[in-house]
Every structure is written in structure tokens, then in C-alpha cells.
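Below: one structure, written as C-alpha cells.
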Amino acid sequence: MDADVIIVGAGPTGLMLAAELRLAGARPLVLERRPQSRDIAKANGLGGRVLDLLAHRGLLDRLEALGHPGRPPAPRYPFGTVQLDLTDVPEPPLRGMSLPQPQLERVLDERARELGGEIRRGHEVIGVRQDDAAVSAEVRGPQGSYRVAARFLVGCDGPRSRVRDLAGIPFPGTTYPEVNRLGHVTLADSVIQHDDGDLEVPGWGRIAAGFTRTERGVFAFGRRSVGDLMMQTTEAEPAEVDDSDAPMTLAEFQDSVRRVLGTPLPVADATRLSRYGFQARQADRYRHGRVLLAGDAAHAFPATGVGLNVGMLDAVNLAWKLAADVHGWAPAGLLDTYHSERHYVGARTMMQTQAQVALRRGQDPAAEALRQVLQELLVDEQPARRLGALIAGADIRYPMPGADRHALTGTWVPDLRLRTDQGTTGVARLMRTARPVLLDLADRPDLRAIAGDWRDRVDIRTAEAADRPADALLIRPDAHIAWAATTDEPGDTAGPALRAALSHWFGAPLTATGPTNS
């Protein structure tokens with residue numbers, strides 16, 4: 001084998017997958033058809049659960065070093081053409097970070113290479129074959145064609161995925177006709193910018209921040225910093241535009257603004273220009289034998305702000321399961337849980353982004369009434385919190401085996417503050433190595449002894465936490481709770497349940513119990 005896992009595509013999902021595989025001791029090979037990293041920002045930031053994941057892996061520190069706050073303030077988030085304002089919600093479920101995608105990719109590329117991942121740029125996969133033992137890719141590189149083989153191949157090559165097509169995996173759904181154009185701009189001096197953020201546009205009048213709907217489309221803007229605006233158009237009847245990597249010019253963007261508003265809006269300069277369309281598509285299955293899909297190759301959502309979140313979390317869910325198979329300890333059916341868990345997440349994300357489509361595209365008085373009703377509901381904390389959790393992916397609970405499951409099983413592990421013999425720490429720091437953890441919060445030697453039979457795969461940690469939510473937590477490498485013991489649960493129920501959970505997720509135990517770490 002040339003590698004354990006071939007990854008096709010060096011975007012955020014593919015690079016995250018490469019780093020996670022290296023943490024799990026597997027050998028990834030990343031093949032990217034573009035000779036160089038992309039300079040055009042396809043995405044402008046991160047939001048949702050992926051920020052917690054980056055903290056768990058220690059990568060938020062690197063982003064902070066680039067000038068991005070590790071714990072950004074809660075956002076005012078566009079949902080369709082309605083504003084979700086979480087700025088006054090205590091401990092909001094959704095946060096967003098302004099981060100151009102090229103910067104994110106550079107950090108992830110550096111991380112994957114530091115861990116020993118191999119990344120080949122300018123190498124295009126043109127064919128895929130698989131059998132019961134391996135999968136191979138035919139590659140066209142700078143020095144000619146060649147073939148590589150591995151145990152698995154993962155397509156992280158975007159919504160036009162060649163891997164998905166070669167594997168024969170259907171990608172049903174809808175492509176919407178609207179074209180969206182986005183610019184980060186500074187305006188000419190002739191445009192008056194009021195203290196409250198409104199613009200005085202010659203030939204139109206005063207325009208408030210947010211969405212302005214016209215007969216010809218939607219114009220939207222918001223302030224990024226002093227004098228710097230993010231501006232977008234969505235045209236209801238666009239000309240034919242190739243939604244490709246071809247760069248958008250400032251003249252094209254200004255022409256679109258003029259068509260939507262019916263009057264020019266003088267722009268002095270632009271630091272980012274891009275165009276994009278929307279699709280609503282999800283692969284029928286995320287796995288076909290030894291070929292798997294992740295990120296935009298598996299799903300294309302018709303709204304911004306969620307694709308990176310879902311795709312990078314796909315990678316984290318998949319990596320440890322692939323590595324378990326490579327290392328030979330994966331229990332039966334473990335790899336199939338990647339599809340069942342992440343397809344469910346994709347379907348929920350599709351639901352909320354399709355709702356945004358309905359809000360965005362509706363033109364009649366009934367649609368306007370729907371937007372007004374929803375906006376009024378979102379003034380209250382509880383519906384705002386619930387919608388924020390849905391967008392963030394913070395409401396996900398994976399199905400877990402066993403009866404009488406603890407309320408925490410299947411959920412993302414909270415970042416509890418922990419007191420240990422070495423000092424104070426948090427759960428997030430325990431997850432830096434991407435290994436499973438049994439976290440004993442009640443000094444339960446009986447549970448630690450059981451977990452000792454899996455000591456080659458599971459780290460065992462003892463700590464104290466204020467108002468502990470459980471006596472012990474079994475945490476998967478993707479930071480989801482596989483099992484929990486209720487407070488003061490007797491050993492005759494907690495012990496067998498823990499052993500069953502360990503076997504279900506981490507395979508057969510060692511033949512003998514040895515000393516554990518703490």
C-alpha cells in the first residue's frame with residue numbers, strides 16, 4: 001500500500017481529515033488537482049460546533065495568532081433574509097469567526113504536514129478502482145500518470161466530486177438559478193455613511209443594513225470594520241454565469257449592484273470579490289465499499305455559513321473509524337456508523353438551509369408575512385437559542401446503543417473545568433491527541449479497572465468537577481459521549497454498561513488487565 005487512506009481534495013475537509021488520521025496513527029496521502037492553494041476566499045468565516053472542535057485540537061491558538069479571536073462574540077446571523085440576533089443571549093449556542101478560507105487552509109495544511117501527512121498538489125485523480133482488499137487511484141501528475149493504492153479512499157473534492165461520480169453514488173437535489181455576488185468593499189466619498197450604519201445612495205435614498213428586496217433581486221450589506229463593508233447581491237433573473245473558479249471583477253460586481261438597485265453605488269476599492277450559486281443536494285450514501293465521501297462531495301447546502309462546519313466535522317467523525325479499521329481493532333459495523341451519523345447531520349442541515357431558501361425566495365405578501373412573524377419570534381430568547389443551536393449543529397445527539405441511556409450519551413462533551421493532581425484543566429485539553437478518554441469524575445476504581453482492558457486504545461483520566469454531570473464519561477475521539485454513568489450509579493449496572501460501550505466502539509479488550517494511567 002502507498003498509504004492507508006487516499007484523500008482526494010486539499011480543502012478544509014481533506015486537510016482536517018489528513019491531520020486527524022495522523023493523530024490516530026494512520027498514513028494519509030492527499031491528492032489535490034490544483035497546483036497551488038486557492039487565493040480566492042470561497043468562505044469568509046467559521047461558525048458553530050467546528051469552533052469547539054478547533055479548540056479541542058489546539059488549533060484556535062494558531063488562529064488567534066493570526067489576529068482572530070478564539071472566542072468571538074455571538075453573532076447577528078442572517079437566516080434567509082431574517083436576522084438572528086444572539087448578542088444578548090447568555091452563553092449563546094452559536095458563535096462565528098471572521099476568517100478567510102485561504103488562511104484556514106494554510107493553518108490546516110501546516111498542521112497536517114507537521115504530523116507527517118503527505119500532500120501532493122497538481123495531482124489529479126482521473127480513475128478509481130476497488131476490490132475487497134484495497135482501492136487504487138489513477139493519478140495525472142506533473143511528471144505523468146501513475147497509480148497509488150490504499151485501504152480506503154475519501155472524496156473531499158467538492159460538490160462536483162469526480163470521486164462521487166466514479167463511485168456511482170447518486171447526488172440528488174436541486175440547483176437554484178440565482179447568482180450571488182459578494183464583495184468586501186470601501187465606498188467612494190460620494191456615498192454618505194450615517195452614524196447608525198445606514199447608507200445614503202445617490203438615486204435611491206437611505207438604505208439600512210441588512211436585506212433590501214427589489215423587483216430585480218436582493219441587495220444586502222453589513223459593516224465589517226470602520227469604512228469596510230461586506231456587500232452582496234442576489235439576482236432574481238441573472239444572465240448565464242459560470243459558477244467556476246474564474247475570478248469576478250469589480251466591474252461585474254458594480255454592474256450587479258446597479259441592476260438590483262436600479263442605480264449605481266460608487267465603490268472605491270474591493271479586497272474580496274466572489275460569485276457563487278446554491279445547490280440543495282445530498283449523496284444517497286456516504287460510503288460505497290472502500291470509497292467514502294466527506295464535506296461538499298457528500299452535501300451541498302443552499303445557504304452560507306454551514307458548509308465548513310459540517311464538512312470538517314465529517315472528517316473528525318470519519319478519521320478515527322478509518323484508523324480503527326487500519327489498525328485492526330474496529331468492531332463490526334463501526335465504519336458504517338459514519339454514514340448513519342453524518343448523513344443524519346447533513347439532513348438536518350439541509351432542512352434548516354432549505355428553510356432559508358423559502359424565506360429568501362418568497363416574493364408575495366404571504367412570504368413577507370412569514371418573514372415578519374419569524375422575526376418577531378426571534379426577539380424572544382428561547383426560539384433564538386433553539387434556532388442558533390440548529391444552525392451551529394449544537395443540538396445533535398447521535399443514536400447510541402443500550403437501554404436507559406444517560407441524557408448526555410450521543411451529545412458533544414461539555415468543556416468541564418477539571419481539578420487534577422497536576423492542576424486545573426478542561427475537557428478540551430484532554431482531547432488534543434484525538435484519543436478516546438474514560439473520564440472518572442467520582443474516583444471509581446471499579447470503572448477504571450474495566451477500562452484498563454482497553455488501555456492500548458483508551459486514555460483513563462481521573463479528575464474532579466463542580467456539579468459533576470455524571471460519575472464517569474466515555475468520550476469518543478470526535479468529542480461525543482459514548483457512555484455515561486449516572487451520579488452514584490452502582491457498579492453492578494455501571495460496570496456491564498461500560499464494558500458493552502467499550503466493546504461496541506473500541507473493539508475487543510486486551511487479554512489481561514494491567515495498570516491504568518490517571
Side-chain angles (χ1 to χ4, degrees), residues 40-47 75-85 96-101 175-188 191 193 197-199 201 204 206-225 227-239 241-244 246-280 300-308 353 355-363 371 375 391:
I40 300 173
K42 292 190 69 176
N44 190 49
L46 291 171
R76 292 182 177 91
Y77 194 96
F79 186 80
T81 52
V82 172
Q83 288 291 327
L84 172 63
D85 189 345
M97 172 185 287
S98 178
L99 176 68
Q101 185 170 328
T175 299
Y176 292 98
E178 294 87 1
V179 173
N180 304 273
R181 294 177 175 86
L182 180 70
H184 293 170
V185 304
T186 55
L187 298 177
V191 180
Q193 302 187 47
D198 291 0
L199 302 180
V201 179
W204 174 279
R206 193 161 180 151
I207 297 182
F211 298 91
T212 298
R213 188 178 299 273
T214 75
E215 295 179 355
R216 296 162 296 276
V218 176
F219 171 79
F221 78 92
R223 195 171 303 280
R224 301 178 68 239
S225 60
D228 187 14
L229 302 179
M230 182 166 65
M231 195 175 293
Q232 178 178 312
T233 63
T234 301
E235 295 200 63
E237 297 181 4
V241 175
D242 179 20
D243 183 19
S244 67
M248 185 177 73
T249 64
L250 180 57
E252 179 186 332
F253 184 58
Q254 289 181 304
D255 286 345
S256 180
V257 173
R258 176 183 50 77
R259 287 194 297 267
V260 172
L261 291 180
T263 187
L265 178 57
V267 172
D269 191 22
T271 57
R272 174 194 171 188
L273 293 167
S274 60
R275 81 174 73 79
Y276 56 94
F278 280 133
Q279 298 185 68
F301 303 118
T304 58
V306 294
L308 285 182
T353 53
Q356 294 191 54
V357 171
L359 292 168
R360 188 173 65 232
R361 300 188 84 209
Q363 300 289 342
R371 287 188 284 267
Q375 190 69 75
I391 297 169

Side-chain donor/acceptor of R371 to backbone N/O of L359, under 3.5 Å:
yes
Here the gap from L199 atom CG to I207 atom CD1, rounded to the nearest 0.5 Å, amounts to 6.5 Å
Aromatic ring pairing F219/F221, orientation class (parallel under 30°, perpendicular over 60°, tilted between)
tilted
Roughly how far, to the nearest 0.5 Å, is the CD atom of Q101 from the CG atom of L46?
9.0 Å
Whether Q375 side chain and Q83 backbone form a donor-acceptor pair below 3.5 Å
yes
Donor-acceptor under 3.5 Å (R216 side chain, V260 main chain):
yes
Would you mind reporting whether L273 and T249 have side-chain heavy atoms less than 4.5 Å apart?
no
Distance in Å, L187 CG paired with M231 CE, rounded so as to fall on 0.5 Å steps:
4.5 Å
For a side-chain contact (heavy atoms from CB on, under 4.5 Å) check, start with the C-alpha distance between F278 and T353, then their side-chain angles and the critical distance, and finish with the verdict.
CA-CA 10 Å; F278 280 133; T353 53; over 6 Å; no
Given E235, which of R275, R181, R258 fulfils the salt bridge (Lys or Arg N to Asp or Glu O under 4.0 Å) condition?
R181
Which heavy atom of F211 sits nearest to which heavy atom of P78, and what is that distance?
CZ-CB, 3.7 Å
Which pair of heavy atoms, one from L308 and one from G45, lies closest together, and at what distance?
CD1-O, 3.8 Å
Between A280 and Y176, the two heavy atoms sitting closest are CB-CE1, 4.0 Å
Looking only at heavy atoms, the pair that brings L250 and A270 closest together is CD1-CB, 4.1 Å
On a heavy-atom basis, the closest approach of P264 and V201 is O-CG1, 4.0 Å
So do the side chains of F253 and V185 get within less than 4.5 Å of each other, counting heavy atoms only?
yes
Looking only at non-hydrogen atoms, find the nearest pair between L182 and M248 and report the distance.
O-CE, 3.7 Å
List the steps, then state whether salt bridge (Lys or Arg N to Asp or Glu O under 4.0 Å) holds for R360 with E178.
CA-CA 11 Å; R360 188 173 65 232; E178 294 87 1; 5.7 Å; no
Looking at Q363, I want to see if its CD is surrounded by more than 12 non-hydrogen atoms of other residues, nucleotides or ligands under 6.0 Å.
yes
Here the gap from T234 atom OG1 to R213 atom CZ, rounded to the nearest 0.5 Å, amounts to 9.0 Å
With F301, which residues qualify under ring pair (Phe, Tyr, Trp, His ring centres under 6.0 Å), at least two apart?
H299
Give a yes or no answer on whether the side chain of R272 reaches the backbone of H184 with a donor-acceptor pair at less than 3.5 Å.
no
dist F79:CZ -> L84:CG (nearest 0.5 Å) comes out at 8.5 Å
Can you sort out the partners of A188 under side chain to side chain contact (heavy atoms under 4.5 Å, CB included), two or more places apart, ordered by chain and number?
S190, P266
